[in-house]
Amino acid sequence: MLEGGMPELPAENYLNKRNIPRMDFLILFLFYVALVLIGGVMTCICSKTQYLKGLVKGGAQAFSYMIPGCLQRAMLGLLHYLFHTRNYAFVILHLILQGLVYTEYTCEIFGYCQELDFSMCYLLLPYLLLIVNLVFFTLSCVTDPGTVTKANELSFLQVYEFSEAMFPKNRRCSTCGVRKPARSKHCSVCNWCVHRFDHHCVWVNNCIGAWNAKYFFIYLLTLTASAAAMATVSAVFLVQLVMVSDLYLGTYVDDLGHSQAIDTVFLVQYLFLTFPRIVFLLGFVLVLSFLLGGFLCFALYLAATNQTTNEWYRGDRAWCQQCPHVAGARSAEPPVHRNIYSHGLWSNLREIFLPATAHYERKKK
């Protein structure tokens, strides 16, 4: 045993007696992660074209022939409930996953790192980020995103200039009956129009609009930081453990009976066999850090250019106009959308935390 009761990694003689295969599952896992990331990028690209729509439609038709009708109706009903109605399913799932991750971190990594004399500030950082994250998660859930009603539609109509290409004047919402301010959109899930609508987030069971965008941004930032901090602590712990035990200096016997020096692949495999939950947690928070980091960078880009996700999706992107199947059909047409709401980096970022409606209402008073 290592000092403090931590399990001791085997010495060289013990490793020579074991015939441990190469870790093929690591290659498969990396291949799987690469496919997920590539699939996500391709989905974003293809969502601007008809390719993805046709592919999804064809796949759904082929899938319908293999699944009984009653099961199809049950699946469609479940999907409709989860993604097209307001419910707390993903909020509960979010809290459960967060609780499981922090429970594993507390029960496994925190105690081991204390025995290796890690700095307490370093170990408590994920908990601090968790507290801040939960505060802004709650604010994102409960704050009115900027619901447009008969009572406030007049003030909202005067906040942003109308862009005739995307937000024409004097248009009424066919569902709410209110006059639609520029940059607003009717959310089919919440069944109301939202000022400066960004998107509906199932994880907070709320729309993201002008009044809660700042809370959602900080929530996303702290969630990414907490995942990255936990991944860093876990990785440093495993590296420190290998260095303390001198495992990297040993040898092992491969499938052919030859003595081989321990390499990185073997170390990862052995650590997985010795600390499976810690390595799995590390892999999970590492992938989560990359996914959340990508989403955070996208959110930063939108904030810096004063766009919403809805406007970015609907906008006529220059890179899409260069596609062969699009360029021929639209080359003679003028651009469909031009961002008229960007007023410089700092003004754009300030608008996230001090929405334009707030300035207007203060002036009016």
Side-chain angles (χ1 to χ4, degrees), residues 1-30 32-34 97-133 221-254 259-293 296:
M1 301 288 286
L2 295 176
E3 183 180 356
M6 186 181 300
E8 183 179 7
L9 295 177
E12 180 179 352
N13 292 335
Y14 178 67
L15 291 173
N16 285 330
K17 295 177 183 178
R18 301 195 62 178
N19 190 338
I20 300 178
R22 304 287 288 181
M23 193 172 66
D24 296 330
F25 76 86
L26 177 62
I27 298 175
L28 292 175
F29 177 74
L30 294 176
Y32 168 75
V33 171
L97 288 175
Q98 208 165 28
L100 290 175
V101 169
Y102 272 88
T103 299
E104 183 62 27
Y105 174 81
T106 303
C107 296
E108 295 281 340
I109 300 173
F110 190 85
Y112 284 158
C113 288
Q114 280 185 306
E115 295 172 9
L116 291 176
D117 295 328
F118 276 58
S119 170
M120 189 58 65
C121 295
Y122 187 59
L123 295 178
L124 293 177
L125 178 61
Y127 296 106
L128 176 62
L129 291 170
L130 173 65
I131 294 171
V132 178
N133 177 256
L221 176 64
T222 53
L223 188 63
T224 305
S226 61
M230 202 171 294
T232 302
V233 174
S234 303
V236 171
F237 159 69
L238 292 174
V239 171
Q240 186 73 10
L241 192 62
V242 170
M243 299 298 293
V244 169
S245 63
D246 292 331
L247 179 62
Y248 65 98
L249 299 176
T251 60
Y252 71 99
V253 178
D254 62 16
S259 179
Q260 302 285 348
I262 290 180
D263 55 12
T264 304
V265 175
F266 179 88
L267 281 175
V268 174
Q269 173 180 291
Y270 192 80
L271 289 172
F272 181 83
L273 295 174
T274 309
F275 302 99
R277 292 190 296 181
I278 294 179
V279 175
F280 180 80
L281 175 66
L282 173 59
F284 177 76
V285 294
L286 196 60
V287 172
L288 192 63
S289 299
F290 281 109
L291 294 177
L292 291 173
L296 178 62

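Quick caveat, the model's predicted, so the values are computed rather than measured. Count residues from 1 along the sequence.
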Distance, nearest 0.5 Å, that separates CG of L129 from CG of L124: 11.0 Å
So, taking the atom named CD1 in I109 and the one named CE in M230, what distance separates them when rounded to the nearest 0.5 Å? 7.5 Å
Counting C-beta onward and ignoring hydrogens, is there a side-chain heavy-atom pair between E108 and L281 closer than 4.5 Å? no
Nearest heavy-atom pair of S289 and A228: which atoms, and what distance? OG-N, 3.2 Å
Can you check side-chain contact (heavy atoms from CB on, under 4.5 Å) on Q114 and F118, steps first, answer last? CA-CA 6 Å; Q114 280 185 306; F118 276 58; over 6 Å; no
What are the two closest non-hydrogen atoms of L125 and A229, and how far apart are they? CD2-CB, 4.2 Å
Minimum heavy-atom distance between L282 and S234, given as atom pair plus value: CD1-CB, 3.9 Å
How far apart are the closest heavy atoms of A227 and V285, and which atoms are they? O-CB, 3.9 Å
Inter-residue atom distance N133.CG - L221.CG, 0.5 Å rounding: 9.5 Å
Is it true that F275 and Y112 have ring centroids separated by less than 6.0 Å? yes
Just how far is it from atom CG of L292 to atom CG of L296, taken to the nearest 0.5 Å? 8.5 Å
Would the number of heavy atoms belonging to other residues, nucleotides or ligands and lying under 6.0 Å from OH of Y122 be above 12? yes
Approximate separation, where rounding is to 0.5 Å, of E115 CD and F237 CZ: 8.5 Å
With side chains defined as the heavy atoms from C-beta onward, is the minimum distance between Y102 and Q98 less than 4.5 Å? yes
Are the side chains of F280 and E104 in contact, using a 4.5 Å heavy-atom criterion? no
Are any non-hydrogen side-chain atoms of C113 and V233 less than 4.5 angstrom apart? yes
Working note: Y270 + V242, criterion side-chain contact (heavy atoms from CB on, under 4.5 Å); need CA distance, chi angles, decisive distance, verdict. CA-CA 10 Å; Y270 192 80; V242 170; over 6 Å; no
d(L100 CG, F284 CZ) to nearest 0.5 Å is 9.0 Å
Would you tell me whether Y127 and S226 have side-chain atoms, one donor and one acceptor, within less than 3.5 Å of each other? no
